[in-house]
Amino acid sequence: MLDIALIRNKTDWVKEQIAKLHDEGALERIDSIVALDAQRRETRTRVETAQAARNKLNRAMGKLRGNKTMPAEEKAYRARLAAAALGGEDYDRASRLMDGAEPAVNEEPADFGAAFDELIGQLRKMGDGIEKGFDQIDSIEAELQEHMLWLPNLPHSSVPVAESEEDNIPGPMQGTLREFDFEPKPHWELGPALDIIDFERGVKVAGSRYYTLKGWGARLQRALISFFLDMARENGYREVYVPYIVHSDMLVGAGQFPKFQDTVFGIADEDKYLLPTAEVAITNLHRDEIFEEADLPRQYVAHSPCFRSEKTSAGRDVRGIKRVHQFEKVEMFKFTTPETSYDELETITAQAEAICAALEIPYRRLEIVTGDLGFSATKKYDIEMWSPGCEEWLEVSSCSNTESFQARRAMLRYYPSGTRKTRYLHTLNGSGLATPRVMIAIMENYQRADGSIEIPAALRSYLGGAEIID
RNA sequence: GGAGAGGUGGCCGAGUGGUUUAAGGCGAUGGUCUUGAAAACCAUUGUACGGUUCUCCGUACCGCAGGUUCGAAUCCUGUCCUCUCCGCCA
């Protein structure tokens, strides 16, 4: 979520930033937001002033009713005078009459019951108006909030401005391309031939875009997960195990909802959803909490399966296991101060790259342009591995700084050293890494002429020292 | 899944409809005292929004959401969570 004060004070600048993202729907919301914000503040001031008067009157009422030394007769005529003052909207005088601050002269005898009925009637009338005012505020704020939740994060000034993913800027390839003395095969041929990927039986059990790993396939994936977690732990991340099912609020907090509701799987009859990424659970781990600056940065790593329904991408990448509804990912996550978040983005990206390097697979870093930045990030790098079989670059990691975008949605704050004034912290996330795409890259880069696959040296200790899958 | 008991500030804990601040304690912070520390004493104490501007003022928040009432931490309804016991399971 963006800072409403920023939208209020620099409206045109915010519009320019959103224009770079090519999110026309969001752009249209800005004027509504500015209008609702003004309306909201004006209404709130008016209603709260009235409420302050009413609170004072109710307290004075208690004082009048509960006064044990005042004769009933005096109470009655004070009540009647106060009711008259309320009729003239002189709240201060009414309050003074009721709590005894203003002397009252008994002009004529008043009936106790009738006087209090009259007074209560005045107070009720006042209360009804205030209730209506609060209802009005609620509906304005709900509408404002809905608009706010649909606004994407704004790009950092260093992000190149361009149309789409076609324009993302690749960095130089790292590592060395393998020279094959045979035609390298794609993983959808290698996997079934070795009986380590079984497409048909995955489809039988769960439908299209589901798959089964068998034998060395399943073991290789498990080894990769352990290897990834160990790499992250050595880099100072605390390993956590999180729920794979979360409340819808958590998806709002991390930025998936409301806009991307159709990309996640829901639990029947419950307001809960399967994780599309462990990032959702980790982001919300410290929801509604306030850190001390000394506690930052806080770094976590978690492995989780990721479930994505992605109805929008039907028809793309249908072959193989590149784009599937269920995959495994190890996610690195940082809670940082605003001062350090961009340095930390470089760090987390370098850490993801180091994993690629350790596996000795050619990779490159992609600098993401504004048109492909996505909803939550201010700046993003993707890491891609080269797959010689399907002859394409495979995205195996995505590293983002969301600044305070998620922090505002999930109420993640900290006290800067020496102050008691809260401030939103910054959150960053980076895959480290995701499989089965890394498995694709391993299979295709490490394949041998006879169809067997060499196991990368870094993984052998996780597989009982084995060197070859055949 | 069934039954019962609970949910109050950073923590413990009082509070069965009002008589201007959620009592009291712990912790934390600041101060006095002290050579220093401890102890003692004094003061302060959360979050959000709004209005002011360098300081205040106001509103809301007693798990959450509704309701009753002139007025709700307190009464009513729903819901979530925790604990205990039973059942089931890994």
Side-chain angles (χ1 to χ4, degrees), chain A residues 1 3-5 7-8 36-72 74-75 78-80 82-83 85-87 91-92 94-102 112-142 144-145 148 241 243 245-250 267 269-272 284 286-292 294-295 404 407-415 417-425:
Chain A
M1 204 149 61
D3 182 359
I4 184 73
I7 299 173
R8 184 191 304 148
L36 284 165
D37 175 55
Q39 200 184 339
R40 165 181 168 273
R41 285 184 299 153
E42 186 234 328
T43 310
R44 192 168 266 287
T45 303
R46 177 170 58 78
V47 174
E48 286 187 354
T49 304
Q51 175 72 342
R54 184 220 220 182
N55 283 345
K56 202 170 162 197
L57 287 162
N58 281 329
R59 282 193 294 267
M61 173 66 125
K63 216 168 173 182
L64 179 63
R65 273 232 158 137
N67 190 326
K68 295 197 173 69
T69 56
M70 189 183 286
E74 183 179 346
K75 287 185 185 180
R78 277 183 180 275
R80 204 170 69 173
L86 280 183
Y91 304 128
D92 280 344
S95 167
R96 288 197 307 271
L97 283 162
M98 288 156 71
D99 69 14
E102 178 167 323
F112 188 88
F116 271 87
D117 283 350
E118 202 183 330
L119 178 55
I120 284 169
Q122 288 292 346
L123 286 169
R124 180 189 290 135
K125 209 167 80 184
M126 188 180 176
D128 288 347
I130 290 168
E131 284 314 307
K132 237 182 273 174
F134 277 120
D135 288 347
Q136 209 180 333
I137 290 171
D138 285 347
S139 80
I140 292 168
E141 289 188 344
L144 181 59
Q145 177 74 358
M148 291 296 285
Y241 171 83
I245 294 173
V246 294
H247 288 296
S248 61
D249 288 349
M250 308 302 128
I267 305 296
D269 301 324
E270 293 203 66
D271 188 26
K272 292 178 183 172
N284 289 283
H286 295 289
R287 170 180 272 268
D288 296 325
E289 294 180 23
I290 306 173
F291 287 96
E292 298 293 337
D295 296 332
S404 62
R408 286 175 195 278
R409 289 174 164 242
M411 292 301 278
L412 306 165
R413 292 164 296 169
Y414 76 104
Y415 293 116
S417 301
T419 74
R420 290 279 95 181
K421 184 107 179 88
T422 60
R423 198 168 170 212
Y424 290 105
L425 47 73

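Here is the naming used below: chain letters follow the sequence lines, and residue numbers restart at 1 for every chain.
Counting only distance, with no hydrogens or angles, the side chain of A/Thr45 and the backbone of A/Arg41 share a donor-acceptor pair below 3.5 Å. With A/Arg287 contributing its side chain and A/Asp249 its backbone, the two residues share a donor-acceptor pair below 3.5 Å. Checking side-chain atoms of A/Lys75 against main-chain N and O of A/Arg65 turns up a donor-acceptor pair under 3.5 Å.
Spacing of C1' atoms, B/rA65 relative to B/rU32, comes out at 49 Å, to the nearest Å. Look at the P atom in both B/rG58 and B/rU45: the space between them is 14 Å, to the nearest Å.
Straight-line distance from the CZ atom of A/Arg423 to the P atom of B/rU47: 16 Å, rounded to whole Å. If you take NZ of A/Lys421 and C1' of B/rC54, they are 13 Å apart, rounded to a whole angstrom. As a whole-Å value, the separation of A/Glu141 CD from B/rC49 C1' is 8 Å. As a whole-Å value, the separation of A/Glu289 CD from B/rG10 C1' is 12 Å. In this structure, A/Arg413 places its CZ atom 10 Å from C1' of B/rG46, rounding to the nearest Å. One interatomic measurement links the two molecules: CZ of A/Arg408 to C1' of B/rA48, which rounds to 13 Å at whole-angstrom precision. In this structure, A/Leu64 atom CG and B/rU20 atom C1' are separated by 14 Å, rounded to whole Å. A/Phe291 places its CZ atom 16 Å from the P atom of B/rG10, with the value rounded to the nearest Å.
The stretch residues 48-57 of chain A participates, sequence neighbours left out, in these side chain to side chain donor-acceptor pair (under 3.5 Å) pairs: A/Arg44-A/Glu48, A/Gln51-A/Arg54.
Taking A/Phe134 as the reference, nothing meets the ring pair (Phe, Tyr, Trp, His ring centres under 6.0 Å) condition, with sequence neighbours excluded. Applying the salt bridge (Lys or Arg N to Asp or Glu O under 4.0 Å) rule to A/Arg413 yields no partners; only residues at least two apart in sequence or on another chain are considered.
Of the two residues near RNA chain B, A/Ile290 and A/Asp37, the one whose nearest nucleotide lies more 5' is A/Ile290.
As the counterpart of B/rU52, no nucleotide is assigned, since no Watson-Crick or G-U wobble pattern has both distances under 3.5 Å. With a cut-off of 3.5 Å on both pairing distances, B/rC33 has no Watson-Crick or G-U wobble partner at all. Checking B/rC11 for Watson-Crick or G-U wobble geometry (two distances, each under 3.5 Å) identifies B/rG25 as its partner. Across every strand in view, B/rU79 sits in a pair with B/rG63 that passes the Watson-Crick or G-U test at under 3.5 angstrom. Pairing for B/rA38 is absent, judged as Watson-Crick or G-U wobble with the two contacts each under 3.5 Å. Under the Watson-Crick or G-U wobble criterion, with both distances below 3.5 Å, B/rU20 has no partner in any strand shown.
Side-chain contact check for A/Phe291 versus A/His286: some heavy-atom pair is nearer than 4.5 Å. Two residues are said to be in side-chain contact when any heavy atoms from C-beta on lie closer than 4.5 Å; A/Asn284 and A/Val246 fail this criterion.
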Pair up each side-chain donor or acceptor in residues 116-131 of chain A with any protein partner under 3.5 Å, not counting sequence neighbours, and list the distances.
none

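Atom-to-atom distance recorded for A/Ile267:CD1 and A/Lys272:NZ is 8.5 Å, nearest 0.5 angstrom.
At the phosphate of B/rU47, neither OP1 nor OP2 sits under 4.0 Å from any side-chain N or O atom of A/Thr422.
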Check nucleotides 68-72 of chain B against the protein and report each pair of N or O atoms closer than 3.5 Å, with its distance, or say if there are none.
| residue | atom | partner | partner atom | Å |
| --- | --- | --- | --- | --- |
| B/rC70 | OP1 | A/Arg124 | NH2 | 2.4 |
| B/rC70 | OP2 | A/Arg124 | NE | 3.3 |
| B/rC70 | OP2 | A/Arg124 | NH2 | 3.4 |
| B/rC70 | O2' | A/Asn58 | OD1 | 3.1 |
| B/rC70 | N4 | A/Arg65 | NH1 | 3.2 |
| B/rG71 | OP1 | A/Arg54 | NH2 | 3.4 |

Polar atom pairs (N or O), protein with nucleotides 57-67 of chain B, under 3.5 Å:
| residue | atom | partner | partner atom | Å |
| --- | --- | --- | --- | --- |
| B/rG58 | N2 | A/Glu48 | OE1 | 3.0 |
| B/rU59 | OP1 | A/Asn55 | ND2 | 3.4 |
| B/rU59 | O2' | A/Glu48 | OE2 | 3.4 |
| B/rA60 | OP1 | A/Gln51 | NE2 | 2.8 |
| B/rA60 | OP2 | A/Asn55 | ND2 | 3.4 |

